Each structure stands twice: as structure tokens, then as C-alpha cells.
Amino acid sequence: MPPTLAALVQHSALRLSVLAGHDRLDTPVRWAHASELADPTPYLDGGELLLITALKLDAEDPEAMRGYVRLLAGRGVVGLGFAAGVNYEKVPDALVEAARDADMPLLEVPRRTPFIAISKFVSAAIAADQYQAVTAGFDAQRDLTTAALSQEGPTALLGRLATHVDGWAALYDATGAVVATAPAWAARRAARYAADAERLRDRPAPASAVVSEPEAGDDRVELQSVGTGRRAKAVLAVGTAAPPGTAERYAVHSAVALLTLTTERSRALQEAEQRLGAAVLRMLLSGEAGHARAVAGRLYGSLLDAPMRVIVAEPAAGPASRRRAANARAAAGGEAGRPAPQAITPSGAPVAGIEADLPATARTGGPDGLVAGALSAPENGLLDDLADAIETAAARSGEAVLVVPDGERLVVLASDGGAAATACARYAARAAADRAERFGRADAEGDRWDDPPVIGVSAPAGLAGTGVALKQADQALSVARRRGSVLVEHEDVAAGSVLPLLADDAVRAFADGLLRKLYEHDAHGRGDLVASLRAWLSRHGQWDAAAADLGVHRHTLRYRMRRVEEILGRSLDDPDVRMELWLALKVTA
């Protein structure tokens, strides 16, 4: 604690007497300053003990003294020291009464006590307090380091931090969910600030925010981002009854540093995991399941032991996404023809295929998210969110997951029915609902809000079927893009109709071109060939049934079908022709 007015009064060598403000002597003194100005407030910062001799003051004028004391109190002066026996033999009654009215501590300084002695005492006390705070901070740092290295890790660290700040502490993961609290009773209180923690995570690290002040009996809650990358890997919350002092601030910063070390992996380990993940996926896609299992070891072994799904995600091709992609390429100096970085296998050979565009990142789940640099281009921010959701869910459940950035795509291998796959589905559902809510609103530049990523999910597959599963995921992603959906599973494609897959401009152009002459013929009033063709095909070439549907004689229908063959130059006896005509009629319906 800084020195107080009481400590000054109790210092026998200073021989100070209290004339007013006896009940406010416990006020801390930030500095002692001497000034003879009639208005010294422009040169004060608040918290000072002001020392005066009243050289330029009419200290015996009650009205002047009331105004002078009010001026000082308004600036935050915590006390007034008056030198007796210099310009006035004793402290004037007018000043004493003004100080009492304002409840301003007034100290009488005897002539034999120089102002410099008071200033030295305050300065020495402040220095001693700061030294004690720094020492306490280093002690806290050692204590927190020991806790961080224990088996309980972050949980033990939070417990020691809560003790050092005389409050509570909580740790949030990348999604804003509470991971741990200390003491245990703070869990409910920490949950109130989950949304604030999630917002702080999106700010460039390091970031901090005070989200609650000690008003109406509430805590002062401060949030600190944890991590060194573009986005925070976690958020630390510290709740205290009052703003933390120097020692408490040391403890908080030490905790942030230690948590950063526990959540950020070393560069060498990141690169090793990149190579390992790239090698495992490459082997799976090459059909080398046995080698993939051997390389995966304990890191991904549990993922390869059960049915898994392949998930492929790409950014939506909206105008804002394209604009940001172009800006990112320009900022990186990337132009057409610039070679992409390659992933490296443990043997040192470049990895071809899916990993060729960017180094793969492989994770077993954890709060640290993607490797720094992966998916760091601005246009991939939404893929960052998806990867965070998948990896955080995997970390909570203790399951393995493989996340591989592939250029502007994200490829994920996740256990079928596991937490990672479920998190992906939930992310897609939230993104679709959010898109529907924001539809029609424009951003400042007139573009639509960015669409969420497009996601394709394969059917469950074993090790030998990883290559097929990747193709299924790509197919499902293509269908999702055509339908305007956020997520499509391959089973949904197989169970549905093929017609929605044909709903694009190229197929419609083919259908219009194939049937154009028939429509032109009908437009000139020379027969209803299109309707006749549709009825005949729908009845599988049964003349009587199709003629009955049209309300014409079967000979009339036969004549019309011959005209169709003549106009199109194609034979209706060819099953491929009948199939193409039927699909063209459905597409143009």
C-alpha cells in the first residue's frame, strides 16, 4: 500500500499535527508537492499532499479559504500541509474552518520540519511499497510457475492466481466456453461473461477489456487474451473487489504468460505435426492404410480405429470473399504462376495431391486451435471459426481429429458420430440460421453479408475407403453449393433426386438448345409437340395410354412423334435420346 496521511502523522521525526479531517487520515498519498500558487490545480494530478506557506494567499479570509479548499478538493488533493511560523505564526482559523467544512485533512507543519523532509518520507515510502509489490509479484510468478508445471496444470494455476488477487479466476476456450474456474463457486459467475470472452477472442492479441466494475456490489471483471497468434487461443477472466494493485497486476500478467506457454506449441512441434498429419492423410488417400496406422501412432491411432467421416469445407464465393481473396494475394505478393508452398512428409519428400497447396496442420484437439499461419489469409476467417469449433469439441471429448488446410479449403477427418462431427453440424446449423436472419442487409460497401463456408460430408468409411470418402465429401460439397445450402451429407444426395443436381446454367442451356426447335414449332401453332412428347415419355412409349392423357387418337400421337424425330434429327427408339429428352423436359419445366 502507498503511504497514508496517518503514516506521516505517526512519524515522530516530522512532528505533524492534525487540525482537520481526522477521519480521512487513511487516505493514500501518491506524492507530496509544495506550491505557493493561488491556483496550483493545473499542475496537479490528484492524490497529492499539498504543502504551502500561504505566501500568496489571504489565509485569514474565510470566503477565500473556502474557495481555495474547494478548488483543491475538486482536483483530488488528499491533504493540505501548512507551515506554521513562516508567513503566519499559526494556521489561520479561516483555513482550519474551511478544511473542516470540506472534510479536507489539514496538517500543521512546525517550522523546524522542512517540506523536503516530508517529500523524502513520501518518496521513500512509495519506493518501498513499489519494491514490496515487485517482490510480491516475483513470488507470485514463482508460485504460479510451480502450479503450471504440476499435473493439474492450468487448473492449479487458476487456483493460485485467485489466491494472489484475493478474488476468482476463470479460463475460457476458443469458443467462449468456461474450461476451468477457481474457486469452484465462481463457475456460475464466470458463465455470465462467456459472450464477452468470445468477443475478445476475435480481437488481435494481446487484448484486454474490463467488462464489469465494482458497482452495486458486483465484481470488477477483467478479461485478458491468451495466445500470440492472430486470434486468441483462450481468454482469462479475473474478478476482484477492486482494481488490482501492482503485485496483483504482476500475478495476472504472469498467469497470462504461463497460460500462453501451455496453449501455444513450439514451432518445432508444430512443424512435426504438420509433416505427420500430411503423411497420414497422403498414405490413406494412396490406399496405404497399414503404413498410415503405423505413422499415426498414438497421436491419431484412435481416429483410425473406428469409422470416420471426411469433411470438406470451402469459403462461399460471394463478392466480399472474392475481393478479400484478391487483396490477400496482392498483399502477399502472390500472382498467377507463383508456386504454392508444399507439405513435407517425415521422409523429407514433398507431398502431392491434397496437401500440395498449404502445409497440413494436424491436431488431436486442444484449445490452441490451428497452427499459426494456417488459414491465416483474411478470406478464410470463417474457416478458422469452423476449425476452432471442431477442434475445441474434440479436445473436450478427448477424441482425435485431423484438420488439414488445403489452399482455400479445409479437409477434416473426424470420428463418425463423434464430438467433432457433431460440432461441424451444429456450426452449419447456426451459420444457416444466421445467414437467414441477415439476408437482405448490406454492408458499408453495398455487398451482401459474407455467406458461411460450404461444407460437404462423406458417408462413414474405414481406412481403406478414405479416398472414396474424400470424393463423396467433394460431391456433397458441390451439391451444397448448387443448392445454396451450408452443409450437405453424402447420404442425403444418394437418397434424394438427381434433378436438383442438374439445376445450373450449363444444363439449362443444353436443355433449351435440345428442345428449342420443338418450342418454336409449337409457337407457330402447328401442333403441340412438346406436350405430346412429355406424355409419351411419361407413359414409357405406350401409345394408347399417352393418347388418352392427351385426348387425341393414337394415330395422331404417332404422327406427332414422327414429327419430333424429323425436327430433332434423332430416333426415339434410342434409349439415350429418350433419357436426354426426358431430363431436358424436367429441367425446363
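The first residue of the sequence shown is numbered 1, and numbering continues consecutively from there. The model shown is predicted, which means the values in this text are computed figures rather than measured ones.
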So Asp45 and Trp31, side chain to side chain donor-acceptor pair (under 3.5 Å) or not? Walk me through it.
CA-CA 9 Å; Asp45 194 36; Trp31 200 247; over 6 Å; no
Can you list every salt bridge (Lys or Arg N to Asp or Glu O under 4.0 Å) pair that touches residues 242-252, not counting sequence neighbours?
Glu222-Arg249
Please say which of Ile455, Val488, Val454, Leu487 ends up in a side chain to side chain contact (heavy atoms under 4.5 Å, CB included) with Leu477.
Val454
Candidate list Val457, Leu413, Val412, test side chain to side chain contact (heavy atoms under 4.5 Å, CB included), partner Arg309, passing option
Val457
Residues which pass side-chain hydrogen bond (donor to acceptor under 3.5 Å, both in side chains) with Arg430, listed by chain and number, not counting sequence neighbours:
none
Taking all atoms of both residues into account, what is the closest heavy-atom pair of Ala473 and Val312, and its distance?
CB-CG2, 3.6 Å
Please name the pair of heavy atoms, one in Ser415 and one in Ala421, separated by the smallest distance, quoted to 0.1 Å.
O-CB, 3.8 Å
Is [Y] close to [X] at the side-chain level, that is, under 4.5 Å between some pair of heavy atoms?
X      : Y      : answer
Gln10  : Thr4   : no
Tyr172 : Leu200 : no
Asp388 : Asp173 : no

How long is the span from the [atom1] atom in [X] to the [atom2] atom in [Y], to the nearest 0.5 Å?
X      : Y      : atom1 : atom2 : value
Ser225 : Leu259 : OG    : CG    : 11.0 Å
Asp385 : Tyr427 : CG    : OH    : 5.0 Å
Asp474 : Glu314 : CG    : CD    : 7.5 Å
Gln475 : Ser458 : CD    : OG    : 10.5 Å
Arg160 : Thr146 : CZ    : OG1   : 9.5 Å
Ile311 : Leu386 : CD1   : CG    : 7.5 Å

Could you go through the salt bridge (Lys or Arg N to Asp or Glu O under 4.0 Å) check for Asp196 and Arg199 one step at a time?
CA-CA 5 Å; Asp196 298 298; Arg199 284 191 293 269; 2.5 Å; yes
